[in-house]
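Given the structure is predicted, the values throughout are model-derived calculations rather than measurements. Sequence positions, counted from 1, serve as the residue numbers for this chain. Worth knowing before you read on, the calculation uses all heavy atoms, side chains too, and leaves out hydrogens, waters and symmetry mates.
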Amino acid sequence: MNVLELSEQEIVRRQSLQELRDMGIEPYPAAEFPTNAFSEDIKNDFKDEDEKREVVIAGRMMSRRVMGKASFVELQDSKGRIQVYITRDDICPEEDKTLYNTVFKRLLDIGDFIGVKGFVFRTQTGEISVHAQSLTLLSKSLKPLPIVKYKDGVAYDKFEDPELRFRQRYVDLIVNDGVKDTFLQRATVVRTIRRVLDEAGYTEVETPTLQAIAGGASARPFITHFNALNIDMYMRIATELYLKRLIVGGFEGVYEIGKNFRNEGMDRNHNPEFTCMELYVQYKDYNWMMSFTEKLLETVCIAVNGSTERKVGDNVISFKTPYRRLPILDAIKEKTGFDCNGKSEEEIRAFCLEKGLEVDETFGKGKLIDELFGEFCEGTFIQPTFITDYPVEMSPLTKMHRSKPGLTERFELMVNGKELANAYSELNDPLDQEERFKEQMRLADKGDDEAMIIDQDFLRALQYGMPPTSGIGIGIDRLVMLMTGQTTIQEVLFFPQMKPEKKIPQSSIKEWGEIGVSGEWAYVLRKAGFNLISDIRDEKAQGLQQKIGDINKKYKLGYEKPSVNDIQAWIDAAANVAVVTEEAE
């Protein structure tokens, strides 16, 4: 990277880096720096009457107040922040005061990692701090942090733009309070789910991420090419069909927490790459699964929040059991007044059109009902509610309802207006399953690009016999949103998918060379704000010479200044390039 592509602060930091090395100080030492304490623990454990406690701490320098021979530093480690008191004579007990006067005061920067050995004390203002007796540079930061500044109670330079925060999560975690806590709570959610399932005797497993058939859900897959086998494969959209194979193989209960991939939209509630937990247990049905699920979520909420309630936006959501259970057709009737029971596909489509829904002939009965529920019902269920007994057309992997013809033993759990979980009494009749798959293929032929593909190996597995089984999938990202009070999925993903970063259009160094500008002066022109060759065509030669000469002087580049005639030749060539480009267009 050319030095002129850096900001002024970055240039100064790199100069400090080199100066440290010239002094024999390695800015990135390899040796272990053994610590014995963390900021939060030091403050929690401190008692004024205790004997002086020696500590070794390390972390990132977040602020510095130099007051002559003494200074205060705020050090941030993995658990929080603590003040460090540094005096010149303590860290430089000999005659040589370079470590304090030069290294600490001038060559260290906010964001650098330092190690401190010292003792804990309370300052005159009452703040528990560490009195440094030695100081070690552990890592030099070459980019300045966006540190928030306050004046008259107003905050400036906040790092709060969502796109920047999500794209540069590492900076977000450093400078914004509470972000790290969200992800620690996410870890508690996953850890608690694992604990509950493990204690129930179920086995955590791993199944293929690359699959020959995208099965187990209705969704558009990502497609990739497997070079070794010379076949196209799919990133999995669900783990369901492989987990059921394991039930066939004799496991009592299996679960997997892993990534699924659906090549669909992105918004506040959806990310194409998401984490899901799927669980399958033999000899159970969807009624048992509802009871198990509500107990699981109540346990998770208590583990994360210390109670069964969590505020999300304007809503206070209670995860205390039991949850309401409502058949989907009753929900639609409750919200719209239209009873789908006994209605034909044409009658339901006509009602959808009457209500202004965008539906067409490719929509089967199940998808029409799904559209009605999504438009008029889903967003209204704030408290946890099990929506049950879905039509068979919506549930190709679900067992027929034992007492309601045309319906299946399936539920979706709605919380805060969104689906959180999907569960079935699993279909284990291989002949019925084959017919369901064929119906899905007929929907695909009609144009439904989310219809399932027949998985012949899964059908073969069912023919060996699968015991009565109940299964569930829970979206971990949405669950974490609920448990942490976040209203966008990007807040609970370390690195959500983003659009490619926008770049300022620039003529290449080669293109500058084609009009006679050398590489070194091309970078100078960019620094002066001329990113495209066309940017200089209206400049005056003397004025442009002055601008690039000022940069040459400011950054002590020592380049031989081009003459006015040379620069005029650049400008003329740039004008000719612009004319040719315009004529070509």
Side-chain angles (χ1 to χ4, degrees), residues 1-28 102 106-112 139-146 157 161 163-164 167-168 170-171 498-585:
M1 176 179 284
N2 188 282
V3 68
L4 294 179
E5 295 180 279
L6 303 171
S7 68
E8 290 189 35
Q9 286 196 54
E10 289 175 300
I11 291 171
V12 170
R13 287 180 180 230
R14 291 186 185 220
Q15 290 170 344
S16 297
L17 177 78
Q18 187 57 50
E19 194 170 338
L20 286 165
R21 285 187 165 139
D22 292 342
M23 295 170 64
I25 298 173
E26 173 51 56
Y28 306 103
T102 303
R106 187 168 63 81
L107 300 181
L108 294 192
D109 293 289
I110 303 303
D112 290 352
S139 183
K140 183 80 181 134
S141 170
L142 298 184
K143 280 187 175 290
L145 289 170
D157 299 329
D161 178 76
E163 182 169 341
L164 276 178
R167 198 180 297 281
Q168 299 180 34
Y170 37 88
V171 177
M498 305 287 291
K499 292 180 180 178
E501 213 167 341
K502 291 181 180 178
K503 294 183 179 180
I504 298 173
Q506 289 183 330
S507 296
S508 68
I509 301 302
K510 180 182 177 182
E511 288 170 329
W512 282 107
E514 289 171 354
I515 67 165
V517 180
S518 67
E520 58 190 23
W521 284 109
Y523 284 111
V524 174
L525 285 165
R526 284 181 178 176
K527 193 69 174 179
F530 303 103
N531 289 300
L532 299 172
I533 289 172
S534 58
D535 292 341
I536 70 169
R537 64 183 179 181
D538 296 323
E539 291 291 311
K540 301 297 183 184
Q542 286 185 328
L544 185 55
Q545 184 191 50
Q546 180 66 44
K547 289 176 182 177
I548 64 176
D550 290 344
I551 291 173
N552 188 28
K553 182 179 179 181
K554 178 179 180 179
Y555 292 100
K556 301 176 183 178
L557 301 174
Y559 298 161
E560 185 177 348
K561 187 163 64 173
S563 68
V564 171
N565 290 336
D566 290 335
I567 294 176
Q568 186 62 55
W570 298 351
I571 294 171
D572 292 341
N576 290 334
V577 169
V579 169
V580 171
T581 302
E582 289 169 2
E583 288 178 351
E585 291 175 349

The single option from Gln9, Glu5, Glu10 passing side chain to side chain donor-acceptor pair (under 3.5 Å) against Ser7:
Glu10

With no hydrogens and no angle check, is any side-chain donor or acceptor of Arg21 less than 3.5 Å from a backbone partner on Pro27?
no

Start with the C-alpha distance between Leu4 and Leu557, add both sets of side-chain angles, then the distance that settles side-chain contact (heavy atoms from CB on, under 4.5 Å), and finish with yes or no.
CA-CA 10 Å; Leu4 294 179; Leu557 301 174; 3.8 Å; yes

Rounded to the nearest 0.5 Å, what separation is found between the CZ atom of Arg537 and the CD1 atom of Ile515?
12.0 Å

Under 3.5 Å, side chain of Lys140 to main-chain N/O of Arg13, donor-acceptor pair present?
no

What one should report as the nearest heavy-atom pair of Ile533 and Glu511 is CD1-O, 3.4 Å

Kindly say whether Leu6 contributes a backbone atom to a donor-acceptor pair with the side chain of Lys527 at under 3.5 angstrom?
yes

Calculate, to the nearest 0.5 Å, the distance between atoms CG and CG belonging to Leu17 and Asp22 respectively.
9.5 Å

Spatial distance of atom NZ (Lys554) from atom CG (Asn552) [nearest 0.5 Å]
13.0 Å

To the nearest 0.5 Å, what is the distance between CG (Leu108) and CG (Leu20)?
7.0 Å

Count the heavy atoms of every other residue, nucleotide or ligand shown that sit under 6.0 Å from CD of Gln18, and state whether that count exceeds 12.
yes

Does the side chain of Pro562 come within less than 4.5 Å of Gln545's, by heavy atoms?
no

Which distance, rounded to the nearest 0.5 Å, do you find between the CD of Glu19 and the CD1 of Ile25?
9.5 Å

Nearest 0.5 Å please: distance from the OH atom of Tyr170 over to the CG atom of Leu145.
11.5 Å

Any side-chain heavy-atom pair of Val524 and Lys547 under 4.5 Å:
no

Could you give me the CA-CA distance, side-chain angles and deciding distance for Glu520 and Glu560, then say whether side-chain contact (heavy atoms from CB on, under 4.5 Å) is met?
CA-CA 10 Å; Glu520 58 190 23; Glu560 185 177 348; over 6 Å; no

Should Ile11 and Tyr555 count as side-chain neighbours, where that means a heavy-atom distance under 4.5 Å?
yes

Can you tell if the side chain of Ile509 reaches within under 4.5 Å of the side chain of Tyr523, non-hydrogen atoms only?
yes

For the side chain of Arg106 and the backbone of Ser16, is there at least one donor-acceptor N/O pair under 3.5 Å apart?
no

Atom CD of Glu163: over 12 foreign heavy atoms under 6.0 Å
no

Distance-only, no hydrogens or angles: does the Asn531 side chain make a donor-acceptor pair with backbone N or O of Ser507 under 3.5 Å?
no

List the atom of Ala574, the atom of Ile536, and the distance in Å for their closest heavy-atom pair.
CB-CG1, 3.7 Å

If you define the side chain from C-beta out and look only at heavy atoms, does anything of Leu532 sit under 4.5 Å from Pro505?
yes

Indicate yes or no: at least one non-hydrogen side-chain atom of Val171 is less than 4.5 angstrom from one of Pro146.
yes

Take the angle between the ring planes of Trp570 and Trp521 and call it parallel below 30°, perpendicular above 60°, tilted in between.
tilted

Can you find a heavy atom in the side chain of Lys553 that is under 4.5 Å from one in the side chain of Lys561?
no

Out of Asp550, Ile548, Leu544, which one pairs with Gln546 under the side chain to side chain contact (heavy atoms under 4.5 Å, CB included) rule?
Asp550

